[in-house]
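In what follows, a structure is listed as C-alpha cells, so that the remarks can point back to it.
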Protein chains: 2
Amino acid sequence: MSNAPAAANALDVLEHLSRHAEPLPAASIARDLGLPRSSVYHLLKVLHGRGYVTHYVEERRFGLGQAAYELGSAYQRQAPLARVARAAMRRLVDQCGRNAHFATLDGRDVIYLLEERAPGQPMLVTDVGVRLPAHLTASGLAMLSALPATQVRALYPDRASFVQRSGGGGPRSLAELRSILARTRADGHAREEGTVTPDLSSVAVPVLDRGGRPLAAVALTLRTADASSEHVGDLVARARVAAEDVGRRLSPSAVMTRR
Amino acid sequence: MSNAPAAANALDVLEHLSRHAEPLPAASIARDLGLPRSSVYHLLKVLHGRGYVTHYVEERRFGLGQAAYELGSAYQRQAPLARVARAAMRRLVDQCGRNAHFATLDGRDVIYLLEERAPGQPMLVTDVGVRLPAHLTASGLAMLSALPATQVRALYPDRASFVQRSGGGGPRSLAELRSILARTRADGHAREEGTVTPDLSSVAVPVLDRGGRPLAAVALTLRTADASSEHVGDLVARARVAAEDVGRRLSPSAVMTRR
DNA sequence: CGCCGTCGTCTCGCATCCGAGACAATTGTG
DNA sequence: CACAATTGTCTCGGATGCGAGACGACGGCG
C-alpha cells in the first residue's frame, strides 16, 4: 500500500467526475467510490478551493473545474510524446539503418512529431508538423486499427471523407477501410507501399495507452524493392519494441502494443 | 487550515510541473514547494502510478502525464461554461426584457454558447455554435480588452487578420483595435452598434477567471434607437452582475469583472 | 404544515500517515 | 580513480489527519 491515500482519493474523485457527462451529488460520489461522506466533503473542499471542481450550488452537484482544463493544456505544451519517443526512435534508426518517424492522430489526419533519418537514406517527406490523411499512411492505419469501429465510422461518415492522392491508391469507402484495418490487426502492423512516395514503403505499429487507445505510431521506411517478407518482419519486430518502450514510459501499466 | 493536506500537496506538485515547459528533477520540486523530499517522492509515486506524472528516467526528471490531459478533455465535455451561465442569463433576460447571449473566445473568433431571447424581441443571429470575428462584436471586444497587449498582438499580427464585414465598420489595424480596447477598458464595457445586424446594438462585459483572464462574455442586445446613455448604463450594470455571478461560480476566489 | 431525507459543516479521539534520516546506487567532477 | 553530490527507496515513531456521527438547514412529499 503506497503512501498518501488522500492524494489518491482526490484523484479518484476527479476521475469519477470525469467519467460522467453531468455533475454529480456528493453523496453519490462517496457511495460510488466507497469513501466516507465527511472525507469526500473534505476532498471536494480542497479541490473546489483550487479550482479543480465546480460546485453547482443550485443543483447541489459537483463537476470538474477550470484547473482540470489548465492541467491538460499544460500537458500538451510539454510535448511529452515527442520527448519520450526521441531516444527510442534514435535507437531504432541506429539498429535498422532505416528512416523512422513518429506520428499521432488528429481527426482524420496524422501529424508527424518526430523523424529520424538514417545515414545514406533518402530524405523523408514527413517533416515535423506535416499532416497527411491517416487512411493513406502506414502510421495512420496503425492507429486507426486500434480504434473502436464506432469511432472509425464517426471519423469517416461518408465517401467524401476519403481524400485521394493524385496517383490513386488507398481506400475509397468505409467498407474498404475496414477491410484494410482488419488485415492490419491480423498482421499486427500496417503497411503502405508507394502511396505517399513512389518506390518507398512504410511499416508502422501503434503505441497504445494503458486503456488500449492509440497514442501514436512508430514507422520505418524502406525501398519497396527491398521489402521482402523476412526483412519486413524484422523491421516490424524492432518497431514494436520501440513502440512498447514508448508506451511504457508514457503510461505506467500501459497495455502493450498488440502482439 | 483545511483537511487533506496530502491532496493539496499533490495538486501543488501537478501545478508546479504545469508551470514549467520542461520536466523537473524531484529535488527541485521539493525545494521549490518547500516540501520534504520523501513526501515528494511519495506523491510522485502515486501521481505516476495514476498517469498524472511521467517519469523521464534517463533525464531523472518528472513531467505531466496523459491523465492530466484526459482530465482537461473531460472538463470540456461537461461544457461547464454554458451550464453555469444558463440560470444567470435567464434571470438577466427576465430583468431586462432584452435578448442576451453568452460567448467565449477561440483565437480571433467568438463562439456563442448560449442565447436567451426575451418575449417580443427580434430573433438573434447569434445561434449557439456560431462563430464571428471577435473584433467586430461587443462580446469579442469585451474579452479582448481583458487580454494582455502581447496576446492581442499575437492574435492580430497583421492587417490581413482584420476580416471585414460587407457593410464596413470595425477596426482595420492593430492601432485602431488597441484604441477601441482602451476605450472599452475605460468604459468597463464594450459596445457594438449595427456592425453585426443593422439597427441592433449590443453591450457586453467580460467574465474573468481568478487570474483575471477572460473566460467568456455576457452581452445584451437592444435597438440602436433605444440606446440612450442612461438606458445603456442600466443594462451594463445588470450584465456586470450576471458576469460576476458566473465568474464566482466558475472560479472560487475569482477576480471580479473589472470595475 | 409536519415529517422525512438529504446536504453540508463540525468535533474529537484514535489509527494511520508523514517526514527525518539512513542507506545503497548512480552520476558528476577534479 | 576517488570523492562528493544526487537520486530513489525504506524504516519507524510521534504528530496529525481521517472518519463516525451529531447537528442545523433545506427541500420534497403526502
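The sequence lines fix the lettering, A, B, ..., with proteins before strands; numbering per chain opens at 1.
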Side chain proximity check, A:Leu11 to B:Val46, heavy atoms < 4.5 angstrom:
yes
Go through C:dG8, D:dG19, C:dC17 for me and flag the one nearest to the A:Pro5 side chain.
C:dC17
Under the side-chain contact (heavy atoms from CB on, under 4.5 Å) test against A:Leu220, which residue among A:Val205, A:Asn99, A:Val232, A:Val203 passes?
A:Val203
Could you please name the option among C:dG8, C:dC7, D:dG8 that lies closest to any side-chain atom of A:Ala27?
C:dC7
If you only use heavy atoms from C-beta on, which nucleotide in D:dT7, C:dG21, C:dC10 is closest to the side chain of A:Ser38?
C:dC10
OP1, OP2 of D:dG8 versus side-chain N and O of B:His55: anything below 4.0 Å?
yes
Among the nucleotides D:dG8, D:dC18, C:dG19, whichever has the atom closest to the side chain of B:Pro36 is C:dG19
Could you tell me the separation between the NE2 atom of B:His42 and the C1' atom of C:dA20, rounded to a whole number of Å?
12 Å
B:Arg83/A:Glu22 ion pair, N-O < 4.0 Å
yes
How long is the line joining CD of A:Glu58 and P of C:dG8, in whole Å?
11 Å
Starting at CZ of B:Arg61 and ending at P of D:dT6, how long is that distance when rounded to a whole Å?
14 Å
Euclidean distance, atom CD of residue A:Glu59 to atom P of D:dG27 [Å, nearest integer]
14 Å
Looking only at side-chain N and O atoms, does B:Tyr41 come under 4.0 Å of OP1 or OP2 in D:dT9?
no
To the nearest Å, give me how far apart NZ (B:Lys45) and P (C:dC17) are.
16 Å
Answer with yes or no whether B:Arg37 presents, from its side chain, a donor or acceptor under 3.5 Å of a partner atom in the base of D:dG8.
yes
Please report, rounded to the nearest Å, how far the P atom of C:dT6 is from the CG atom of A:Leu24.
16 Å
Does the side chain of B:Ser39 get closer than 4.0 angstrom to OP1 or OP2 of C:dC18 through an N or O atom?
no
Grab the CG-C1' distance between A:Leu33 and D:dG19 for me, whole Å please.
16 Å
Just how far, in rounded Å, is P of C:dT6 from CD1 of A:Ile29?
16 Å
Is it true that B:Tyr75 and A:Glu70 share a donor-acceptor pair across their side chains at a distance under 3.5 Å?
no
Heavy-atom nearest pair, A:Ala100 first then A:Leu92, reads CB-CD2, 4.3 Å
